[in-house]
Participant: 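One structure, pasted below without further comment.
Below, all heavy atoms of this structure are taken into account, side chains as well, without hydrogens, waters or symmetry copies. Just so we're clear, the structure is a prediction, and the values are computed from it rather than from any experiment. Throughout, a chain's letter reflects where its sequence line sits, starting with A, and its residues are numbered from 1.
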Amino acid sequence: MILHSEDLHRIARDEQDRRDGFRHQVHVCMAAGCLSCGSGEVKQALEAEVARRGLAGRCQVKGVGCLGLCAAGPLVAVDDGATRYQGVQAADAAAIVDALGGSPVERLRCSGDMAFFQRQTRIVTENCGRIDPERIEEYIAAAGYHGLHRALTGMSRQEVIDEVGHSGLRGRGGAGFPAGLKWTAVAKAGDSLKFVICNADEGDPGAFMDRSVLESDPHRVIEGMAIAGYAIGASQGFIYVRAEYPLAVKRVRHALAQAERLGLLGNGIFHTPFTFHIKVRLGAGAFVCGEETALIASIEGRMGRPRPRPPFPAEFGLWEHPTLINNVETFANVAPIIRNGAAWFSAIGTEKSRGTKVFALAGKVVNTGLIEVPMGTTLRDIVFEIGGGIPGGRRFKAVQTGGPSGGCIPSQFLDMPVDYESLAQVGSIMGSGGMIVIDDSACMVDVARFFMEFCMTESCGKCVPCRVGTRQIHDLLARITAGQATPADQATLEDLCDLVRHTSLCGLGQSSPNPVLTTLKYFRDEYHAHIHERRCLAGACSAAGEVV
Amino acid sequence: MSPEFPKKVRSDLNPSRVLTFRIDGRDVSARADESILIVARQNGIAIPTLCHLDGLSERGACRLCIVEIKGSARLQPACVTYPRQDMEVVTTSERVVAYRRKILELLFTERNHVCSVCVSNGHCELQDLAVELGVSHVRYPYLYPGYPVDASHERFCVDHNRCVLCLRCVRVCDEIEGAHTWDVMGRGITSQVIIDLNQPWGTSETCTSCGKCVQVCPTGALTEKGRSVAEISRRRRFLPYLQMMRERRDER
């Protein structure tokens, strides 16, 4: 079956009619976070309760993607977010059904109802918590695949690339390379065989943006990849997703099968000559496979180790053919850009960083969860307004962005707008969007040690500075936190960080000293106290003080 | 292991193009597909290397051949970086020399390189590099890992305590001998070269006992049995020869 545009509109209309037939909508979050605390049973209980009262034709109970406030799961949203409930248990089903159309159940209402949900701008996550990720019809009803239709039937390849270029979209995987520039490069590469790869090997500790997008709205990524395939002249795509995300893998595979069934993937999409197929490849749990050349090696069936660039994948990629690699979130932005135009997208955000960014807010913050804000939102807004501040009456100390490649940003930069340039200026990076809030109970040397331990165990071992250097840096940090270090050790530490940063082969090694360098810069007094006074200012390192 | 670096002819390197550039202030000429390392050696400019070996694919992994390129903040490994017209390369700036020395020191701390009891003493590339770069002491703590020695092969011996993970053995076995007996397992600081599926060398069914791995090993990790301290010698002239024969066969 191959769709025409009328079919697309018919599916959307039918879906809308179906939805309008229900007076009430009860959305139960079925993303990994809420599922793990029992949202599956909640949904069953709600369905049973609705059926028992004979309301099945008037009230729809639906499993949806991530509702965002992961800390307070399982989450239930009634009537498209008019009321949100948190911490719902199966036993609460009757109360929730009772309250439909009346006043909500106060004891279950989300406390973070206001700022957390109101302050966000949703592009990538616009369908998260609204549609059933396992039904393509719902995605189509939410203007899904209209962007692909518009690109294939109304735009030339160059026009698609120009649209993405003019939108100012930058790669959301971390480095922020302009997407339009990358697409142009691959489109210009002279080879009849090209590939599109979606990098879903999200490995930063505390980051779960890509997982949530794939679990909540997989078709958005598929549509983005197909548009990219058309623009650069590729007919084969790969989604490289880590095997630790079984639900995301399942939903992506399900979505691919549905798209193929409707002819939205396959041969002659929308009766044009364009052909596009997507396959899923699972990563086996190596952080370094998020690096593009290592990822390509892994798809090819070789060991996931980076190789020197140039040549870049845009010219010499998968099986040595030109390859476009973008992150999940980058592809998720593509369809809205094609649908609404570059001007619409570039009006959001800051001058150099357009659009929005999804962050996984984690650590010592009240509202842990998934948020999407315009670029340029201040850290203060994110942590204290949307995040709801620090729990337990503790004080804010720092926020760690960009995972093990990023840095710790202290409180004096709370009013800094979050965009690629500002973060780089203070020694951190945007990264893929992990944001870990640290309160005053944490020792910053120990935080640095944690991230260095991560880099040490995830180093692939190919180049010497990263393989041995990260181990030596880790050992030095462990000595400092144990209260056994000398002033000379701190000099050695800084010296090694400089070495690893400037001589490592790939981005993993080059950026691995960032957590150490930023804590040395902004929390030098803590290092000083450990080394010279044998004590930990935060009182977190128990060993310090005992070993004098 | 398939080659670490693409084997297909790189479209960005045109072998019929020649260009001139400068290394350490000297004008040199190069073919566009010759690396900075190759051109430097042609002109008698020494750049230290460890994982590089003529005749094997490049890895760009030991980072000892890093050089400065004017106008670029990033240091580049000479073995996998190709010249551009009028490029200015500096191979001996204080900065890169200091980095090279530190990288070498890191290698010395990683395993147990005790020259006085090593068969390779006096014939060891790691030792030569230390002399060349003036490593008189090591400023980082030694890690002293305890690695096993595998002497189960009838003629050869592997001592992981001396291994620098240059993977020359892996490449020569795959690319020249075609046996692919060697590979590497684990990652990061726990990486280790292995025989077949990590089994004793003597039980390998793929090993042809050709000994090429032993000949290319830069340190005392791979040795012939029956040699005592400082007694090993390496014969490597076969490598470029085999490489040349293979290229000629490809041309035919």
Participant: As an exercise, state the distance from CG of B:L64 to SG of A:C463, rounded to the nearest 0.5 Å.
Facilitator: 11.0 Å
Participant: Given side-chain contact (heavy atoms from CB on, under 4.5 Å), test B:Y140 with A:D495 step by step and report yes or no.
Facilitator: CA-CA 11 Å; B:Y140 314 116; A:D495 184 59; 3.3 Å; yes
Participant: Against chain A, label B:I66 side chain, backbone, both or neither, depending on which of its atoms sit under 4.5 Å from a heavy atom there.
Facilitator: side chain
Participant: Scan residues 450-489 of chain A for pairs that pass ring pair (Phe, Tyr, Trp, His ring centres under 6.0 Å), counting only residues two or more places apart or in two chains.
Facilitator: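 Sorted result for residues 450-489 of chain A: A:F287-A:F454.
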Participant: Picking from A:G304, A:P465, A:G301, which has the most non-hydrogen pairs under 4.5 angstrom with chain B?
Facilitator: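 Heavy-atom pair counts peak at A:P465.
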Participant: Hey, which of A:A189, A:A286, A:C460 has the most heavy atom pairs under 4.5 Å with chain B?
Facilitator: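 Most pairs with chain B among the choices: A:C460.
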Participant: Does B:R187 use its side chain to pair, donor to acceptor, with the backbone of A:E458 at less than 3.5 Å?
Facilitator: no
Participant: Let me know if A:R479 has heavy atoms under 4.5 Å from chain B in its side chain, its backbone, both or neither.
Facilitator: side chain
Participant: Out of curiosity, A:R307 CZ to B:S57 OG, how far, rounded to the nearest 0.5 Å?
Facilitator: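 Rounded to the nearest 0.5 Å, the CZ-OG separation comes out at 12.5 Å.
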Participant: What residue, out of A:L476, A:T492, A:L496, has the most heavy-atom pairs lying under 4.5 Å from chain B?
Facilitator: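 Of A:L476, A:T492, A:L496, A:L496 has the most heavy-atom pairs under 4.5 Å with chain B.
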Participant: Is it the case that atom CZ in B:R95 sees more than 12 heavy atoms from other parts of the structure closer than 6.0 Å?
Facilitator: yes
Participant: Which one of A:C466, A:A488, A:G461 has the most heavy-atom pairs closer than 4.5 Å to chain B?
Facilitator: A:G461
Participant: Chain A: which of B:T81, B:L50, B:L75, B:L143 shares the most heavy-atom pairs with it under 4.5 Å?
Facilitator: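 Of the options given, most contacts go to B:L143.
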Participant: Restricting to side chain to side chain contact (heavy atoms under 4.5 Å, CB included), what partner residues turn up for B:E34, sequence neighbours left out?
Facilitator: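 For B:E34, the residues satisfying side chain to side chain contact (heavy atoms under 4.5 Å, CB included) (neighbours in sequence not counted) are B:A30, B:R31, B:I38, B:V39, B:Q42.
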Participant: Where is the tightest heavy-atom contact between A:L505 and B:G60, given as atom of each residue plus distance?
Facilitator: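 So the minimum-distance heavy-atom pair works out to CD1-O, 3.2 Å.
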Participant: Where does B:V96 contact chain A at under 4.5 Å (heavy atoms): side chain, backbone, both or neither?
Facilitator: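 For B:V96, neither part sits under 4.5 Å from chain A.
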Participant: Top residue by heavy-atom pair count (under 4.5 Å) with chain B, among A:M456, A:Q510, A:E315?
Facilitator: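 That would be A:E315.
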Participant: For the interface with chain B, which of A:T293, A:V288, A:T457 has the highest count of heavy-atom pairs at distances below 4.5 Å?
Facilitator: A:T457
Participant: State the NZ-SG distance between A:K462 and B:C62, to the nearest 0.5 angstrom.
Facilitator: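 Taking NZ in A:K462 and SG in B:C62, the distance rounds to 11.5 Å.
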Participant: Is it the backbone or the side chain of A:T470 that comes under 4.5 Å from a heavy atom of chain B, or both, or neither?
Facilitator: neither
Participant: Tell me the closest heavy-atom pair linking A:R305 and B:S191, and the distance in Å.
Facilitator: NH2-OG, 4.5 Å
Participant: Please state whether the side chain, the backbone, both or neither of A:D475 comes within less than 4.5 Å of a heavy atom of chain B.
Facilitator: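 Looking at A:D475, just its side chain touches chain B.
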Participant: Strictly less than 4.5 Å between heavy atoms, which residues of residues 97-110 of chain B line up against chain A? Please order them by number.
Facilitator: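 Those residues of residues 97-110 of chain B which have a heavy atom under 4.5 Å from chain A are B:Y99, B:K102, B:I103, B:L106, B:L107, B:T109, B:E110.
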Participant: Using non-hydrogen atoms and a 4.5 Å limit, figure out which bit of A:T503 sits close to chain B: side chain, backbone, both or neither.
Facilitator: both
Participant: side-chain hydrogen bond (donor to acceptor under 3.5 Å, both in side chains) with A:S422: which residues, sequence neighbours excluded?
Facilitator: A:D419
Participant: Which atoms of A:A297 come close to chain B, meaning under 4.5 Å heavy atom to heavy atom: side chain ones, backbone ones, both, or neither?
Facilitator: neither
Participant: Around atom CD of B:Q199, are there more than 12 heavy atoms of other residues, nucleotides or ligands at under 6.0 Å?
Facilitator: yes
Participant: Counting N and O atoms only, with roles assigned by atom type, does the side chain of A:Q472 sit under 3.5 Å from a partner on the main chain of B:P141, one being a donor and the other an acceptor?
Facilitator: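 The answer is yes, because a donor-acceptor pair under 3.5 Å joins these two groups.
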